[in-house]
Amino acid sequence: MATALVATVDHRQKWEVEFAAQEAAWFCAHGRPSSCRDFDEVAYEKRWEERELVYRVAFLTLAASASYSS
């Protein structure tokens, strides 16, 4: 249960970071240089995929151990 909760919170934060980056990029492209910021989307997505893999492995491991002990 804790793994699912942490993964859900992390996914929500990922969405918020990506939304803020897209919004800043739009304003930057449309003449608001104060909104311009450096955001490495590729690196951010790679880190997310690594964390997501950890969540999936943890969830499957816990689910398998729970069904094995039943």
Side-chain angles (χ1 to χ4, degrees):
M1 185 70 146
T3 302
L5 179 62
V6 170
T8 301
V9 169
D10 192 18
H11 190 267
R12 171 84 177 169
Q13 183 202 17
K14 175 188 179 284
W15 182 85
E16 290 172 357
V17 167
E18 288 178 344
F19 180 79
Q22 289 174 2
E23 186 178 57
W26 188 90
F27 281 115
C28 183
H30 292 86
R32 294 236 181 117
S34 63
S35 294
C36 297
R37 64 185 188 138
D38 190 24
F39 181 71
D40 189 352
E41 187 176 344
V42 173
Y44 187 78
E45 185 65 24
K46 183 180 179 202
R47 287 191 307 269
W48 162 251
E49 289 175 0
E50 290 168 355
R51 291 191 316 269
E52 185 181 32
L53 179 61
V54 170
Y55 297 141
R56 288 177 185 247
V57 168
F59 181 77
L60 292 173
T61 301
L62 293 171
S65 67
S67 67
Y68 179 74
S69 64
S70 294

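Ring centroid separation for the pair Y44 and W48 does not come in under the 6.0 Å cut-off.
Minimum heavy-atom separation, S67 to A64: OG-O, 3.0 Å. The two residues Y55 and T3 have their closest heavy-atom pair at O-CG2, 3.8 Å.
The neighbour count for E45 CD, taken as heavy atoms of other residues, nucleotides or ligands under 6.0 Å away, is above 12.
Taking CZ from R51 and CZ from R47, the interatomic distance works out to 7.5 Å, rounded to the nearest 0.5 Å. Rounding to the nearest 0.5 Å places CD of E18 at 10.5 Å from CD of Q13.
Side-chain contacts under 4.5 Å among hydrophobic residues (ILVMFWY), followed directly or transitively, place V9 together with L5.
Contacts of W26 classified as side-chain contact (heavy atoms from CB on, under 4.5 Å), with partners at least two apart in sequence or in another chain: H30.
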